[in-house]
2 protein chains.
Amino acid sequence: MCSRALTIGALAEQTGCNVPTIRYYEEIGLLPPARRRPGGHRFYSEDDLRQLTFIRRCRDFGFSVEQVRTLVSLAQDPDRDCNETRDLAQAHLAEVRRKLIELRALESSLEAFVDNCTAACAGGPASQCTITQDLTGPRGSRCCG
Amino acid sequence: MCSRALTIGALAEQTGCNVPTIRYYEEIGLLPPARRRPGGHRFYSEDDLRQLTFIRRCRDFGFSVEQVRTLVSLAQDPDRDCNETRDLAQAHLAEVRRKLIELRALESSLEAFVDNCTAACAGGPASQCTITQDLTGPRGSRCCG
DNA sequence: CTTGAACCTCAAGTTACTTGAGGTCGCATC
DNA sequence: GATGCGACCTCAAGTAACTTGAGGTTCAAG
């Protein structure tokens, strides 16, 4: 036997979750109800540790809680097809790639803003700042053009 | 004079915001209270259009509503220093770069998962899927190792 | 036996909106 | 002048995924 029991604090530490987050996961049914000590404190096994590590990693990897719920049930049901898991991961990969494209565009816009402002208007009034003007749009203050 | 008045619907269309979002921005004070027709309907000017465009663009660029609030007040106060605007943009740029790094790491992990699963276990039970196993961690099901 | 950290529950707060219910306005048509 | 109907109105509640707070209990050490 090797079931060192973990407190919720120890579990939190080992998984990188916060304590209230673990209780929250239990509340929403992402984790099964924890076993309890006579006094009411939760305790956890190594299996629980593995399961929460899995969940935590999925969340780190950007899966939504609902997606994680699916992944967990997939991982626990030996009859389910592994293609489902892969499809989920693949859909998620596509989403990550879309975000990457957006973020890269955002990065160069911001970079240009900052450089431009430093070069052109450093220290002037904010209403004349090139960043503000770029964001206000090319129409400027013209009217009924 | 050139003040074509816009309905909230037209404003929404031209800025890319949803109608309830505009009302929400008014409610939280990001937009000033709109003027009203006798019947109670809101209407907007070209200036309002420019201001909401600014706000919308800031949001698209990932600034939080609170940051946008600051940017708006900077843009409207001719006495404020433009360096504040630049600093905000720069801080935001740094954050975008952090996210980019994370996302790139995430991308390659997911890519590896998917490729691995396709190559190694396509169609097998999900509990044996390489993705599931990778996410469960290197410890596998060993105990007290 | 006392102290203090860690635990407990329950409720409310957070961000940035979206959705829904139930009712009103304005404009075009008959 | 009635009628239809789409766009508008308000107010309340829902969403994701937690976090924070209040107020009280348990456990382990000294």
Side-chain angles (χ1 to χ4, degrees), chain A residues 4-31 33-45 48 52 54-72 88 91-92 95-96 99 102 106, chain B residues 4-31 33-45 48 52 54-72 88 91-92 95-96 99 102 106:
Chain A
R4 274 177 298 149
L6 299 164
T7 64
I8 195 171
L11 184 66
E13 201 179 343
Q14 294 198 37
T15 56
C17 289
N18 294 333
V19 168
T21 302
I22 296 174
R23 289 195 277 250
Y24 168 73
Y25 284 164
E26 179 178 329
E27 189 189 321
I28 65 171
L30 189 53
L31 286 175
R35 275 161 299 161
R36 303 291 184 124
R37 295 255 165 71
H41 287 194
R42 290 168 177 86
F43 71 97
Y44 298 91
S45 68
D48 295 324
L52 184 54
F54 176 83
I55 289 170
R56 172 67 210 242
R57 231 166 258 183
C58 290
R59 294 286 304 122
D60 279 352
F61 282 159
F63 288 97
S64 72
V65 165
E66 283 318 301
Q67 287 174 320
V68 178
R69 214 188 280 276
T70 305
L71 285 171
V72 167
L88 249 178
H92 189 58
E95 209 175 307
V96 165
K99 277 189 195 160
E102 270 180 49
L106 175 50
Chain B
R4 275 177 297 148
L6 299 165
T7 64
I8 196 172
L11 183 66
E13 203 178 342
Q14 293 198 37
T15 56
C17 289
N18 294 335
V19 167
T21 302
I22 297 173
R23 290 195 277 251
Y24 167 73
Y25 284 165
E26 179 178 328
E27 190 188 322
I28 64 171
L30 189 52
L31 286 175
R35 275 162 298 163
R36 303 291 185 125
R37 296 256 162 70
H41 286 196
R42 290 171 178 84
F43 71 96
Y44 298 91
S45 67
D48 294 324
L52 183 54
F54 176 83
I55 290 169
R56 174 66 211 242
R57 233 166 258 182
C58 290
R59 295 287 304 121
D60 279 351
F61 282 155
F63 288 96
S64 73
V65 164
E66 283 317 302
Q67 287 174 319
V68 177
R69 215 187 279 275
T70 305
L71 285 171
V72 167
L88 248 179
H92 189 57
E95 207 175 309
V96 164
K99 276 189 196 161
E102 269 180 48
L106 174 51

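Per chain, numbering begins at 1; letters A, B, ... match sequence-line order.
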Rounded to the nearest 0.5 Å, what separation is found between the CG atom of Asp48(A) and the CZ atom of Arg35(A)? 5.5 Å
Can you measure Glu26(A) atom CD to dC18(D) atom C1' for me and round it to whole angstrom units? 16 Å
Are the side chain of Thr15(A) and the backbone N or O of Leu11(A) linked by a donor-acceptor pair below 3.5 Å? yes
Taking CD1 from Ile8(B) and P from dA7(D), how many angstroms apart are they, rounded to a whole number? 13 Å
Criterion side chain to side chain contact (heavy atoms under 4.5 Å, CB included) on Tyr25(A) and Arg59(A), from CA distance to verdict: CA-CA 12 Å; Tyr25(A) 284 164; Arg59(A) 294 286 304 122; 3.7 Å; yes
Salt bridge Arg69(A)-Glu66(A), side-chain N to carboxylate O under 4.0 Å: yes
Measure CZ/Phe63(A) against C1'/dA17(D) and give the value in whole Å, please. 17 Å
On the nucleotide dA7(D), are OP1 or OP2 found under 4.0 Å from the side-chain N or O atoms that Thr7(B) carries? no
Send over the distance from Leu30(A) CG to dA16(D) C1', rounded to a whole Å. 13 Å
Atom CZ of Arg69(B) and atom C1' of dT15(C) are separated, to the nearest Å, by 12 Å
In residues 15-23 of chain B, what residues come within less than 4.0 Å of DNA chain C, judged by heavy atoms? Asn18(B), Pro20(B), Thr21(B)
Side chain to side chain donor-acceptor pair (under 3.5 Å) partners for Arg42(A), two or more places apart: Glu26(A)
In whole Å, I'd like the distance from the CZ atom of Arg42(B) to the P atom of dT10(D). 4 Å
Could you pull out the protein-nucleic contacts involving nucleotides 27-30 of chain D (nitrogen or oxygen on both sides, under 3.5 Å)?
unit_1: dC27(D); atom_1: OP1; unit_2: Gly39(A); atom_2: N; d: 3.3

With the side chain counted from C-beta on, respond yes when Leu52(B) and Tyr44(B) share a heavy-atom pair under 4.5 Å apart, and no when they do not. no
State, with a plain yes or no, whether a side-chain heavy atom of Leu71(B) is found less than 4.5 Å away from one of Phe63(B). yes
Flag, side chain of His92(A) to backbone of Phe61(A), donor-acceptor distance under 3.5 Å: yes
Check every strand shown and say whether Ile28(B) touches a base, only sugar-phosphate, or nothing at a heavy-atom separation below 4.0 Å. nothing
Quickly work out the Glu13(B) CD to dG6(D) P distance and round it to whole Å. 17 Å
Rounded to whole Å, OH of Tyr25(A) lies from C1' of dT19(D) at a distance of 12 Å
His41(A) vs Thr7(A), side chain to side chain contact (heavy atoms under 4.5 Å, CB included): CA-CA, chis, key distance, verdict: CA-CA 8 Å; His41(A) 287 194; Thr7(A) 64; over 6 Å; no
